[in-house]
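Remarks on the structure that follows.
Only a predicted model underlies this, so the values are computations on that prediction, with no experimental measurement involved. Every chain is numbered from 1 and lettered A, B, ... according to where its sequence line falls, protein lines coming before strand lines. Side chains included, hydrogens not; waters and symmetry mates left out as well; all remaining heavy atoms used.
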Protein chains: 2
Amino acid sequence: MKNGTYHHGNLKAELIEKGLEYIDRYGAESLSMRKLADAAGVSCAAPYAHFKNKDAFLDEVQEYITGQFLEALTESEKNCSDRSQLMLGLGICYVKFFSENPLYYRFLFNGRINDFKTYPPFVFFEKAAEEWLDAKPADSHYVILALWSMVHGLAQMVTIRGVVDTDHLEDEVGSIMRSVRIGENG
Amino acid sequence: MKNGTYHHGNLKAELIEKGLEYIDRYGAESLSMRKLADAAGVSCAAPYAHFKNKDAFLDEVQEYITGQFLEALTESEKNCSDRSQLMLGLGICYVKFFSENPLYYRFLFNGRINDFKTYPPFVFFEKAAEEWLDAKPADSHYVILALWSMVHGLAQMVTIRGVVDTDHLEDEVGSIMRSVRIGENG
DNA sequence: CTACAATCTTAACACTGATAAGATTACAGC
DNA sequence: GCTGTAATCTTATCAGTGTTAAGATTGTAG
């Protein structure tokens with residue numbers, strides 16, 4: 001190894017960063033701790049000083065991506081001037097996030113997130129939908145599940161080439177979401 | 001090995017069957033060719049006489065599950081007396097299939113199916129939706145994507161304990177699907 | 001400056017997918 | 001029946017993986 005670098009100094013952060021890059025390019029399936037250690041110029045056992053095991057490492061990567069995702073949703077809500085268009089805006093944001101990082105979708109929603117009820121982006125979406133739907137609270141539970149399912153399913157669809165035209169993503173998602181009507185508000 | 005069993009006689013089929021069982025119980029992530037070979041009482045290299053590699057094996061398993069899925073959808077359509085309720089019935093069937101085999105969802109839709117446009121169950125669903133929507137062909141494209149997204153997203157939701165009450169799955173899915181209205185038909 | 005904790009390396013283990021070389025068996029054609 | 005060929009299987013063997021143990025190096029608090 002290089003002289004004077006026995007202590008990397010920033011290994012944990014670098015591994016997470018390299019992990020994000022790798023997942024974004026090649027997906028999490030072929031990611032290995034050894035490759036990341038190699039890329040960081042460190043021995044194959046070094047990562048285990050910072051992470052209990054591979055799963056714990058991937059959990060931290062997941063949390064980082066979730067943070068980015070949540071930030072995008074928060075920003076989208078903040079920039080929404082017409083509250084009647086809130087769900088549309090959030091839906092587009094939701095789909096757009098995974099359209100730009102298709103492999104993130106697979107990484108997150110393949111067993112890693114196994115409790116939507118407490119998953120922050122879903123909680124955020126749920127809360128925004130409740131607020132948006134306050135006129136008709138009776139069946140809001142089902143409406144929210146319907147809305148979330150549609151947006152979430154759309155996100156998966158978009159991660160696959162050819163089904164949705166990603167060059168005009170906002171228009172496409174808008175057209176799809178507008179093609180169904182939600183209660184009196186839709 | 002046991003005497004007189006040098007030629008297994010039915011190894012390919014048995015491996016696929018054991019693969020289905022394994023994925024159903026533990027998921028595809030931890031499935032290994034060696035474990036299946038062991039379970040079939042055969043050496044670790046034997047499977048490679050029948051499958052080019054692990055991926056080709058999983059593809060055959062995928063095709064089998066897809067066949068079962070398609071069969072369920074076909075059966076559901078056949079048993080639909082009131083055509084106006086067709087999409088509801090197919091949606092319930094779609095969700096129910098993965099509710100009964102949650103790990104199949106993860107196996108199928110985690111990179112293994114990467115072209116919905118030609119994926120038989122989706123083509124089936126699309127065709128049924130088109131027929132159902134023939135009154136308003138103008139925006140049928142978007143309506144179909146909206147419907148499929150919702151049902152598909154719902155299926156994922158159901159594979160996770162707690163979000164949807166699987167004891168009353170049909171009612172729940174019905175309530176969710178009915179909470180949005182599709183054009184004049186919905 | 002010293003003890004301790006954090007960090008890293010080296011070496012090893014079991015498990016994985018995969019291939020090559022050779023053994024065994026089924027079977028078609030004679 | 002016999003024989004040759006193809007299919008099937010076993011026995012090594014390889015590189016790659018996650019992970020741990022033991023020990024070396026270094027930052028840092030006292």
Side-chain angles (χ1 to χ4, degrees), chain A residues 1-64 103 106-107 110-112, chain B residues 1-64 103 106-107 110-112:
Chain A
M1 66 176 305
K2 283 172 285 181
N3 206 8
T5 57
Y6 196 101
H7 275 198
H8 181 286
N10 202 26
L11 182 57
K12 183 170 181 176
E14 184 172 348
L15 286 173
I16 290 180
E17 197 178 330
K18 288 224 151 59
L20 285 165
E21 271 178 44
Y22 191 95
I23 292 170
D24 188 42
R25 284 192 206 176
Y26 312 108
E29 293 81 11
S30 62
L31 177 148
S32 85
M33 297 302 275
R34 295 174 102 104
K35 278 187 231 168
L36 295 184
D38 244 35
V42 111
S43 85
C44 69
Y48 294 91
H50 301 278
F51 307 98
K52 192 195 162 202
N53 51 32
K54 185 182 184 181
D55 203 57
F57 168 72
L58 292 179
D59 266 344
E60 295 213 29
V61 175
Q62 177 263 304
E63 276 169 29
Y64 187 88
L103 292 172
R106 256 157 70 174
F107 171 58
N110 186 52
R112 196 144 289 278
Chain B
M1 66 176 304
K2 283 172 284 182
N3 205 8
T5 57
Y6 196 101
H7 275 199
H8 181 286
N10 202 25
L11 183 56
K12 183 170 181 175
E14 185 172 347
L15 286 172
I16 290 179
E17 199 178 327
K18 288 222 151 59
L20 285 165
E21 273 177 43
Y22 190 95
I23 292 171
D24 188 43
R25 284 192 206 175
Y26 313 108
E29 292 81 11
S30 61
L31 177 148
S32 84
M33 297 303 274
R34 295 174 102 102
K35 279 186 230 166
L36 296 184
D38 244 35
V42 112
S43 85
C44 69
Y48 294 93
H50 301 277
F51 307 98
K52 192 195 163 201
N53 51 32
K54 186 183 185 180
D55 203 56
F57 168 72
L58 292 178
D59 266 345
E60 294 213 29
V61 175
Q62 176 263 304
E63 275 169 29
Y64 187 88
L103 293 172
R106 255 157 70 176
F107 171 58
N110 186 51
R112 197 145 289 279

Distance check: side-chain N/O of H50(B) vs OP1/OP2 of dA7(D), anything under 4.0 Å?
no
Taken to the nearest whole Å, NZ/K52(B) to C1'/dG17(C) is 13 Å
D38(B) CG to dC15(C) P, in whole Å, measures 10 Å
Testing dA21(D), dT10(D), dA18(C) for proximity to the side chain of A46(B), the answer is dT10(D)
Separation of dC14(D) atom C1' from Y48(B) atom OH, nearest Å, is 13 Å
note: F51(A), atom CZ; dC8(C), atom P; distance rounded to Å ~ 11 Å
Separation of dT25(C) atom P from N10(B) atom CG, nearest Å, is 18 Å
In whole angstroms, the gap separating P of dG16(D) from CG of N53(B) amounts to 18 Å
Side-chain atoms of M33(B) come closest, of dG17(C), dC9(D), dT19(D), to dG17(C)
Look at all strands and tell whether K12(A) reaches a base, only sugar-phosphate, or nothing, counting heavy atoms closer than 4.0 Å.
nothing
Over 12 foreign heavy atoms within 6.0 Å of CD, E17(A): no
Separation between CG (L20(A)) and CG (L103(A)), nearest 0.5 Å, reads 12.5 Å
Quick note, K35(B) side chain, CB onward, closest among dC8(C), dT16(C), dT19(D) is dT16(C)
Rounded to the nearest 0.5 Å, the CD atom of E60(B) sits from the NZ atom of K52(B) at a distance of 13.0 Å
Separation of dG18(D) atom C1' from L58(A) atom CG, nearest Å, is 12 Å
Taking for L11(B) and for R34(A) the nucleotide of DNA chain D with the nearest heavy atom, the one nearer the 5' end belongs to L11(B)
| Between S32(A) and dT17(D), is there a side-chain N or O to OP1/OP2 distance below 4.0 Å? | yes
Q. Below 4.5 Å, heavy atoms only, C-beta onward: do F107(B) and L31(B) meet side chain to side chain?
A. no
Can you list, pair by pair, the side-chain donor-acceptor contacts under 3.5 Å of residues 36-49 of chain B, counting residues two or more places apart and other chains?
| unit_1 | atom_1 | unit_2 | atom_2 | d |
| --- | --- | --- | --- | --- |
| S43(B) | OG | A45(B) | N | 3.4 |

Rounded to whole Å, the CG-C1' distance (L36(B) to dG17(C)) equals 13 Å
